[in-house]
There are 2 protein chains.
Amino acid sequence: MKSAAPAQASRDEAAPFYDLIELFFFAYRDFVGDADRLLETYGFGRAHHRVLHFVSRQPGLTIAELLDILKITKQSLNRVLKELVAKSFIEARAGAQDRRHRQLFTTAKGSRLARDLALLQTKRFARAMEGLGPEGRERAFDFLLAMVDPHERGRVMELIGMKNPERGA
Amino acid sequence: MKSAAPAQASRDEAAPFYDLIELFFFAYRDFVGDADRLLETYGFGRAHHRVLHFVSRQPGLTIAELLDILKITKQSLNRVLKELVAKSFIEARAGAQDRRHRQLFTTAKGSRLARDLALLQTKRFARAMEGLGPEGRERAFDFLLAMVDPHERGRVMELIGMKNPERGA
DNA sequence: GAAAATATGTCAACATTGCTGACGTAATTG
DNA sequence: CAATTACGTCAGCAATGTTGACATATTTTC
């Protein structure tokens, strides 16, 4: 009676994917754990990592753009950004065109740490790929992208450099 | 001069997998975001979710076992567990054999919420699978498992019910 | 050029969820 | 009965998120 569908009502009665849910949880925990351990030696946390990462990936980023990526408040960002600047991992300069903007750049020290962190996490991906055959990387890419909110995918694709932001073209 | 390896030294000079690193970050954020919104309506956070989830999955779990899964301190656990019990989402009974143990069970209300949360997250997986072909689920499983620390995989496999804990066999 | 809007910084207070350390109590074990 | 085990609890601290209010510099607009 409930519904006309005998097999499964769009997934309301079907069994949850407990395995994937739990695997995603453990996989992500181990993934960030790699970075956590290195960050600790600098007195930094995950929040610092995220800021350092995106600044290193997009030198010249402004505060507003960074806030938009991280989706936190300026107060939260400022707390960690201040430390990163104080410890000379990041530099802020007045915007080239609009001097109200602050453009963020990693210093040599900051670039090094950002790269080391990325390489740590890359190592985990690389080890995972070894057990997954030659197409593992593409499949991981496709799976992860498919897990992102559909209306966020465009922005994410731009971020990771897979899409031209339609500038001059 | 740097090293003898011209192609790439085990991945020390190779380009980091920035795309996967960032995709994993955004995918996981959206994944937990689904649950966050529902939890908020109950005044619960992610910590409550994890406790409710594992108790619902393994009724009769003891405090020590739960601590071992979550890898947090008993004080952290107790804080959220106390609320879940107070609000009647979880029940704690003295252990059957050893009365020092507390065995945890979800109430009807707790089971319902746990299932709703799992279904929300399952929906995201299911939508992702639609774009990935028939083998998407297995590939996602394999990828996620491969991302887990190798020495943790056995435990995780048991948790998700893919491995007999070698009891009577 | 004065006024309004924009980009950012900062202060204060609070919530969630980790942590450590110390101590208490009930139940079991030796 | 003493020691161990399993758990609960109190107190305090840290990281990182939040709101709200207000200051300052710069650019835009009328």
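Keep in mind it's a predicted model, so treat the numbers as computed, not measured. Lettering follows sequence order; numbering is per chain, from 1.
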Report task. Would you mind building the protein contact string for nucleotides 19-30 of chain D? One character per nucleotide, 5' to 3', B for base within reach (heavy atoms under 4.0 Å), S for sugar-phosphate only, - for untouched. Result -> BBB----BS---

Presence of salt bridge, [Y] and [X], under 4.0 angstrom:
{"X": "A:D19", "Y": "B:R137", "answer": "yes"}
{"X": "A:R57", "Y": "B:E22", "answer": "yes"}
{"X": "A:K71", "Y": "A:D68", "answer": "no"}
{"X": "A:K123", "Y": "A:D34", "answer": "no"}

Query raised in the report: Under 3.5 Å, side chain of A:R124 to main-chain N/O of B:M147, donor-acceptor pair present?
Result: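 Checking the backbone N and O of B:M147 against the side chain of A:R124, a donor-acceptor pair under 3.5 Å is found.
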
Requested in this report: Answer yes if the side chains of B:S111 and B:T106 hold a donor-acceptor pair under 3.5 Å, and no otherwise.
Outcome: yes

Report summary line: In numerical order, the residues of residues 39-51 of chain B whose heavy atoms come under 4.0 Å of DNA chain C are B:G45, B:R46, B:A47, B:H48, B:R50

Query raised in the report: Which of residues 80-88 of chain B sit near DNA chain C, with a heavy atom under 4.0 Å from it?
Result: none

Query raised in the report: For B:L67 and D:dT9, what is the distance between atoms CG and C1' respectively, to the nearest whole Å?
Result: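 Answer to the nearest Å: 14 Å.
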
Query raised in the report: Which residue, A:T62 or B:L77, contacts DNA chain C at a nucleotide closer to its 5' end, judged by nearest heavy atom?
Result: A:T62

Requested in this report: Kindly say whether, by distance alone, the side chain of B:R79 makes a donor-acceptor pair under 3.5 Å with the base of D:dG8?
Outcome: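 Such a pair does not exist between side chain and base.
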
Query raised in the report: Given the rule in the side-chain contact (heavy atoms from CB on, under 4.5 Å) test, do A:F24 and B:F24 qualify, once you have shown the distances and angles that lead to the verdict?
Result: CA-CA 10 Å; A:F24 208 14; B:F24 207 12; 3.1 Å; yes

